[in-house]
Amino acid sequence: MIYNEEFETLPREALKALQVKRLQQVLQRVYHTVGYYKKSLTAAKISPDDIRSLDDLKKLPFITRQDLLNNYPFGLFAVPMSSIVRLHASSGTSGRSSVFSYTKRDIETWTDLTARSLVAAGLNKNDIVHNAFSYGLLPGGLGLHYGIEKIGTSVIPMSDGNTKRQILLLQDFGPTVLCSTPSYALHLAEEGKAMGVDMKSLQLRVGILGGELWSDATRDAIESAFGIKALNIFGLPEMMGPGIAMECLDGRRGMHIVEDHFIVETINPETGEALPEGEEGELVFTSLTREAFPLVRYRSGDISRLIPEPCRCGRTHIRMERVLKRSDDMLTIRGINIFPVQVEAILKEIEGVAPDYQLIIDKVGALDSVELRVEVGEKFFSESGGVKELQKIEKRIVKDMKDYLSISPRVKLVAPQTLKESGKKVIDKRTI
Amino acid sequence: MKVEQISVFLENKPGSLEHATRILTENKINIRTLSLAETVDFGILRLIVNDVEKTNKVLKEAGFRVSKTVVVAVEVPDQPGGLHSIMEVLNKEAINVEYLYAFVEKSGQNAVIIFRFDAPEKAIEVLLKHKFTVVPGAKLYDF
Ligand SMILES: [Zn+2]
């Protein structure tokens, strides 16, 4: 099934013409409403009128995550707050997180796009969706929720956590579709097994999984644990949320990118030079229809490859391979994206710890676990070297990490030599 | 009348205590007594040594986090009720003890109890008033 037959199967020539028209419109709009773009286009000596084809796109400057941070919180909004109906944000302290806004029409568009993803996964009115993506500031849970209701499917807004309860409801409500991060799906399978539940005998038939890097080996594990077909969904919080790309039921052959709403390019992450379709590189997205928070040439940091060959399902939109690595040091921990610099900013605010730290990320069962090693500050220890004071610091670090980044690390205070010996700020022991 | 104790932060991993004692041995420092406070993640080694300044210096140079803490040493006869008689007084005078540890003098006659108080000055005053023997640092270091 195809949700929006007209647009999802638009012949590529017509699709490209539509992209050019929408690109010109969005450029005019950001140039005249967002100070940042006026400045950056002027600095690049480009006027919106210079962009006449998709090929001209590469004349435009990139916008990066750092630019988003520099304009925290509302500096890149293209409409006044009176037109905005929703705000989402990434994790992080002030000035280290980004805020994403939506007009009423943005929400409608987003809803339509997630509806496309869900229909591509074969959902219909008779399905029940167990939505275990996080509901909250991050756009995952709510984004899908609206799409699920739009196509008339029942949704259980589970969010993440309360795993035992989730397993009870998986048995009692008999959902047919599981939406979650791949690692949480595996965690559910493990916990269910430990509770003596035969996870294969549940009603589930399809999983819509994403929000972190995962491999086909993980997909195999999930498919056999639940006896379901596991499909990959892609989204970027900066670019609206889930619904930007989705595998069709012809699965495992890449995710269709909704090209009538986004232009995707591949670039060499070192040089910024545009690469031919099909070569591996960093994905760069331009939003074509977003009103509140349009982004032109946003560097996603995701490394992938586009698949230009047509798909058997009939959709004409280009596909992207699953993302297996990043061009930067972003870490995804239990579906939450963080950067080491955000951890640094938190530690800087805590009296008694030295700036050196180390994040050790591993898996405990299916779930990510984080150990944060922090060096005790010399001055602090020499003035108040007691057990109580040190335990107070540990608690404060755990709390701030949870409050600002939604990560619950195990904090380990270490002697200064330990961190110097290793020299690495991040040790990621996970295999995807 | 106060005594200076050296507190050393120890990471909870094999070899960290040995590293500290090696530094002390290499620098010919005598440990009068010690105690180790442990949590799941770290430990704090508390030392009464013959040379506080030198210990502070050599451990810091070896990369340890070190602090000097004021404690109070009280001598009591090494017999039943020795500690209790002190605790009774402290309790009555509402003096809060953060932690304590003890050792027996070489002669075997007396025990020395090391106390960490929130308010050491006040504690010393109370102890002296009740005729306890508070051992000054200089004497303790050379025991
Ligand atoms: Zn397809």
Side-chain angles (χ1 to χ4, degrees), chain A residues 343 347 350-362 364 369-402 407-424 427 429, chain B residues 3-23 34-49 52-53 55-72 96-101 114-120:
Chain A
V343 176
L347 294 177
I350 298 177
E351 199 215 344
V353 298
D356 270 354
Y357 69 94
Q358 191 173 54
L359 278 171
I360 299 172
I361 304 146
D362 206 347
V364 172
S369 76
V370 183
E371 180 174 297
L372 175 54
R373 296 184 169 181
V374 181
E375 188 179 308
V376 182
E378 183 171 3
K379 184 163 172 286
F380 178 84
F381 190 80
S382 71
E383 282 165 10
S384 49
V387 174
K388 272 190 284 182
E389 288 81 3
L390 294 178
Q391 285 177 327
K392 213 186 264 175
I393 293 184
E394 286 184 330
K395 280 200 191 110
R396 167 86 196 275
I397 297 172
V398 171
K399 188 173 184 321
D400 283 5
M401 287 287 289
K402 176 99 186 105
I407 304 274
S408 301
R410 203 176 81 85
V411 171
K412 187 171 158 60
L413 295 177
V414 296
Q417 311 91 298
T418 305
L419 299 180
K420 285 195 183 70
E421 275 161 23
S422 139
K424 276 191 188 155
I427 297 176
K429 297 179 174 172
Chain B
V3 177
E4 278 194 305
Q5 164 194 280
I6 293 284
S7 302
V8 190
F9 175 85
L10 292 181
E11 199 181 318
N12 203 349
K13 71 169 186 194
S16 60
L17 181 56
E18 188 271 338
H19 183 203
T21 53
R22 175 157 32 96
I23 301 293
L34 60 84
S35 94
L36 184 61
E38 263 191 297
T39 72
V40 182
D41 288 316
F42 62 87
I44 291 181
L45 176 64
R46 296 163 179 153
L47 299 166
I48 304 290
V49 291
V52 176
E53 292 312 319
T55 307
N56 188 37
K57 185 169 165 283
V58 296
L59 286 172
K60 270 191 179 160
E61 280 169 4
F64 284 96
R65 293 286 184 250
V66 187
S67 72
K68 289 189 282 184
T69 315
V70 171
V71 293
V72 178
N96 188 39
V97 179
E98 207 175 304
Y99 57 81
L100 61 84
Y101 52 102
I114 310 285
F115 287 94
R116 164 73 180 159
F117 297 112
D118 296 339

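Every chain is numbered from 1, with letters handed out A, B, ... down the list of sequences. Keep in mind that the numbers below use all heavy atoms, side chains included, and drop hydrogens, waters and symmetry copies.
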Nearest 0.5 Å, please: how far is CD1 in B/Ile114 from CG in B/Leu47?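 If we round to the nearest 0.5 Å, B/Leu47:CG and B/Ile114:CD1 are 11.5 Å apart.
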
Minimum-distance pair of heavy atoms, taken over all atoms of A/Pro409 and A/Val398: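 Closest pair (atom of A/Pro409, atom of A/Val398, distance): O-CG2, 3.9 Å.
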
Identify the two heavy atoms, one from B/Pro120 and one from B/Val72, that lie closest to each other, and give their separation to 0.1 Å. CB-CG2, 4.1 Å

Would you say B/Ile44 and A/Leu390 make side-chain contact, with heavy atoms under 4.5 Å?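 They are in side-chain contact.
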
Measuring only between side-chain heavy atoms, which start at C-beta, is B/Ile48 closer than 4.5 Å to B/Val71?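 Counting from C-beta outward, B/Ile48 and B/Val71 do come under 4.5 Å.
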
Compile a table of inter-chain donor-acceptor pairs under 3.5 Å between chain A and chain B, counting both main-chain and side-chain atoms.
residue  : atom : partner : partner atom : Å
A/Glu375 : OE2  : B/Arg65 : NH2          : 3.0
A/Val376 : O    : B/Arg65 : NE           : 2.4
A/Val376 : O    : B/Arg65 : NH2          : 3.3
A/Phe381 : O    : B/Ser67 : OG           : 3.4
A/Arg410 : NH1  : B/Asp41 : OD1          : 3.2
A/Lys412 : NZ   : B/Asn12 : O            : 3.4
A/Ala415 : N    : B/Glu11 : OE1          : 3.0
A/Thr418 : OG1  : B/Glu11 : OE1          : 2.4
A/Thr418 : OG1  : B/Glu11 : OE2          : 3.4
A/Thr418 : OG1  : B/Lys13 : NZ           : 3.3

Between B/Phe9 and chain A, with a heavy-atom cut-off of 4.5 Å, which part of the residue counts as in contact: side chain, backbone, both or neither? both

Does B/Leu36 form a side chain to side chain contact (heavy atoms under 4.5 Å, CB included) with B/Leu10? I'd like the steps, not just the answer. CA-CA 9 Å; B/Leu36 184 61; B/Leu10 292 181; 4.0 Å; yes

